Amino acid sequence: MKFLHEKLAVGVALPLRADEGGRLLPAIVGVMIFLAVLAAAAALAIGGLASHWDRQISGAATVQILPPTEGGSPAALEQRVAAALATLKATPGILSAEAIPEEETRDMVTPWLGEIAASGNLPLPRLIKVDFSPGSVDLDLLGVKLSVIPGISLDIHSHWMVSLRRAANWASFGSVLLMTLVGTASVLAVIFATRSTLRVQRDVIEVLHMIGARDSYIAGGLARQALKRALIGGAIGGGLAIIGLIGMSLLPPSDIALLSAMRLSILDWIIIAILPLLGAILSAVTARVTAMRVLARMV
Amino acid sequence: MVRFDAVGVRYGRGQEVLRDVSFHLPPGSFHFLTGASGAGKSTLMRLMYLAQRPTRGVVSLFGRDVHTLQRSEMPAFRRRIGVVFQEFRLLDHLTALENVALPLQVAGYDFAEVGNHVTELLSWVGLKDQLNATPSTLSGGQQQRVAIARAVIGRPDLLLADEPTGNVDDKIAVRLMHLFEELHKIGTTVVIATHSEALIREFPHPVLHLDRGELTLRQPGEVWA
């Protein structure tokens with residue numbers, strides 16, 4: 001009796017187990033959720049990476065002072081460095097300004113320029129590493145102030161971010177587009193399966209109508225079935241994708257440099273874990289809306 | 001209760017299967033519906049249980065022109081009508097008990113409240129040992145009794161039965177007719193489509209007779225043309 005009560009209470013008045021179209025739904029949704037989870041992970045990781053870069057370099061700049069032309073004295077270069085440091089330290093919002101020792105500059109360029117750089121015969125510019133609070137410094141005015149010093153240039157790192165961010169945005173857009181396509185394909189699969197069920201079960205549905213069943217009762221049964229099937233598919237597809245992502249996150253950093261830089265936050269993991277559930281809810285809502293529309297055209 | 005005014009039904013461009021059918025069934029009345037195969041009995045029944053609408057004329061049920069019914073109002077109307085289909089139309093994936101409980105369940109009743117009532121009714125129609133049998137394992141007569149139990153479980157205001165005793169032996173047929181009589185006594189309007197002259201003689205009620213789409217009403221004992 002209890003079994004019967006439970007069976008009827010969930011509205012299984014349609015013989016959905018025998019429904020061929022609907023039985024493929026878990027597999028379709030599983031594949032879709034697998035792809036959607038990977039696409040979402042890519043979008044979130046790329047977005048996180050761009051923000052990470054942004055945070056790192058949006059408050060940084062480098063002042064470069066070219067060495068004097070032939071015949072100039074090294075002392076003149078040091079005077080220019082000192083003048084630049086004085087200007088920088090007098091500017092509100094500058095957190096620190098530190099001249100990079102010449103040896104350190106040499107070490108930085110040696111891998112590219114070779115022994116000639118290490119020998120000391122090649123005149124190198126002096127560099128000043130500047131940190132500032134983003135938004136608190138008028139960088140244009142600072143540039144003008146520094147320009148009185150011969151051979152000086154101000155390189156604001158955030159300018160590099162524009163192209164980096166543009167690339168990251170395109171990558172994120174691609175991932176979101178993929179998710180949208182996957183979502184659309186899932187919705188279409190559910191619509192097809194629901195219509196197929198309603199067509200195959202037309203006689204049963206007419207009987208249900210004749211005994212007083214509301215459209216919402218029949219649609220509710222289909223929606224619950226779609227929810228159950230999508231949850232099964234989503235759990236398998238989403239689970240496999242998450243296992244894959246965890247596997248990639250455990251790879252040694254040297255194996256895939258870009259992937260190792262793309263870390264997912266706890267919030268990202270929560271969003272990814274929710275995706276199969278959202279997919280199942282979307283499937284249920286789609287099944288219900290489709291059924292209500294089709295049933296409205298029946299007797 | 002049921003009123004037809006100049007009702008006509010035509011399928012496609014064919015001849016009308018019902019022509020100018022007019023009658024009134026008062027609340028609590030009992031009628032047989034007779035006529036040869038193809039006379040329009042099934043169409044008339046379908047009109048009464050709201051499975052289709054007339055091509056012309058007015059069909060009124062419970063005081064409402066069915067043309068004015070909104071879709072959202074249909075379930076409540078249909079729950080007042082019990083239907084025994086000629087081909088039974090039981091749901092094959094449900095047991096006899098579940099089939100009979102279904103009208104109450106779609107109306108929102110909790111099975112715990114009605115389970116005993118359903119079991120009692122199935123026992124009354126002689127299916128106590130087949131409660132958990134699916135229709136495919138039941139004989140034609142047993143399926144017919146399940147279909148009748150499903151139609152009457154909700155104590156409908158209007159009971160429409162198409163050949164409800166066609167597949168059962170005489171003893172069960174009389175028992176089922178007594179069930180319909182009991183429902184009739186408590187106020188249910190009953191219409192039974194049948195070919196059985198014996199049944200009509202044994203239970204004297206007015207007869208709606210269809211002949212090539214036209215309807216005539218005969219009172220009990222009236223001589224047939």
Side-chain angles (χ1 to χ4, degrees), chain A residues 1-23 193-194 196-226 228-229 288-299, chain B residues 45-53 66 70-85 87-116 118-119 131-132 134-135 147 150-154 156 160:
Chain A
M1 281 300 178
K2 191 178 176 189
F3 170 67
L4 167 72
H5 167 54
E6 287 174 351
K7 191 173 171 184
L8 289 179
V10 294
V12 191
L14 292 171
L16 297 171
R17 283 183 188 172
D19 167 29
E20 285 298 327
R23 284 170 72 178
T194 306
S196 163
T197 300
L198 290 169
R199 192 166 50 246
V200 171
Q201 305 297 343
R202 195 177 181 89
D203 284 347
V204 174
I205 288 164
E206 189 178 283
V207 171
L208 289 173
H209 275 147
M210 290 307 125
I211 63 173
R214 292 186 180 282
D215 290 347
S216 56
Y217 171 87
I218 299 166
L222 287 165
R224 276 187 288 273
Q225 192 69 12
K228 185 177 154 192
R229 286 169 169 167
R288 185 182 172 85
V289 170
T290 305
M292 289 297 282
R293 294 179 73 161
V294 174
L295 290 168
R297 293 195 291 269
M298 289 186 175
V299 173
Chain B
M45 296 289 265
R46 285 178 65 81
L47 289 171
M48 284 194 281
Y49 60 72
L50 299 172
Q52 72 181 79
R53 300 203 173 182
V66 298
Q70 299 294 315
R71 185 169 182 79
S72 59
E73 295 177 287
M74 300 282 262
F77 262 70
R78 285 172 170 151
R79 285 172 199 169
R80 297 177 67 183
I81 306 169
V83 185
V84 183
F85 300 99
E87 62 280 25
F88 319 135
R89 302 185 72 173
L90 299 174
L91 304 194
D92 289 334
H93 65 294
L94 299 183
T95 65
L97 197 66
E98 291 164 347
N99 266 287
V100 176
L102 200 54
L104 299 176
Q105 197 262 328
V106 300
Y109 287 97
D110 185 6
F111 187 82
E113 297 172 39
V114 299
N116 288 340
V118 175
T119 307
L131 296 179
N132 293 312
T134 52
R150 185 180 66 184
V152 303
I153 189 73
L160 305 169

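Chain letters run A, B, ... following the sequence lines, proteins first, then strands; residues in each count from 1. Note that these values count all heavy atoms, side chains included, but never hydrogens, waters or copies made by symmetry. What you see is a predicted model; the values in this text were computed from it and never measured.
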Check salt bridge (charged side-chain N to carboxylate O under 4.0 Å, His left out) between A:Arg214 and all other residues, then give those that pass, not counting sequence neighbours. none
Do A:Thr194 and A:Val294 have side chains that get closer than 4.5 Å, going by heavy atoms?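 Side chain of A:Thr194 against side chain of A:Val294, heavy atoms only: no contact under 4.5 Å found.
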Is it the backbone or the side chain of [X] that comes under 4.5 Å from a heavy atom of chain A, or both, or neither?
X        : result
B:Ala107 : neither
B:Arg53  : neither
B:Phe77  : neither

Donor-acceptor list for residues 202-211 of chain A side chains, cut-off 3.5 Å, not counting sequence neighbours:
from, atom 1, to, atom 2, distance (Å)
A:Glu206, OE2, B:Arg89, NH1, 2.9
A:Glu206, OE2, B:Arg89, NH2, 3.2
A:His209, ND1, A:Val299, O, 3.3
A:His209, NE2, A:Asp215, OD1, 2.7

Does a sphere of radius 6.0 Å around CZ in B:Arg46 hold more than 12 heavy atoms from other residues, nucleotides or ligands, not counting ones at 6.0 Å or beyond?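 Atom CZ in B:Arg46 is packed in, count exceeds 12.
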For chain A, find which of B:Arg71, B:Arg150, B:Met74, B:Arg79 contributes the most heavy-atom pairs closer than 4.5 angstrom.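 Maximum pair count with chain A is reached by B:Arg71.
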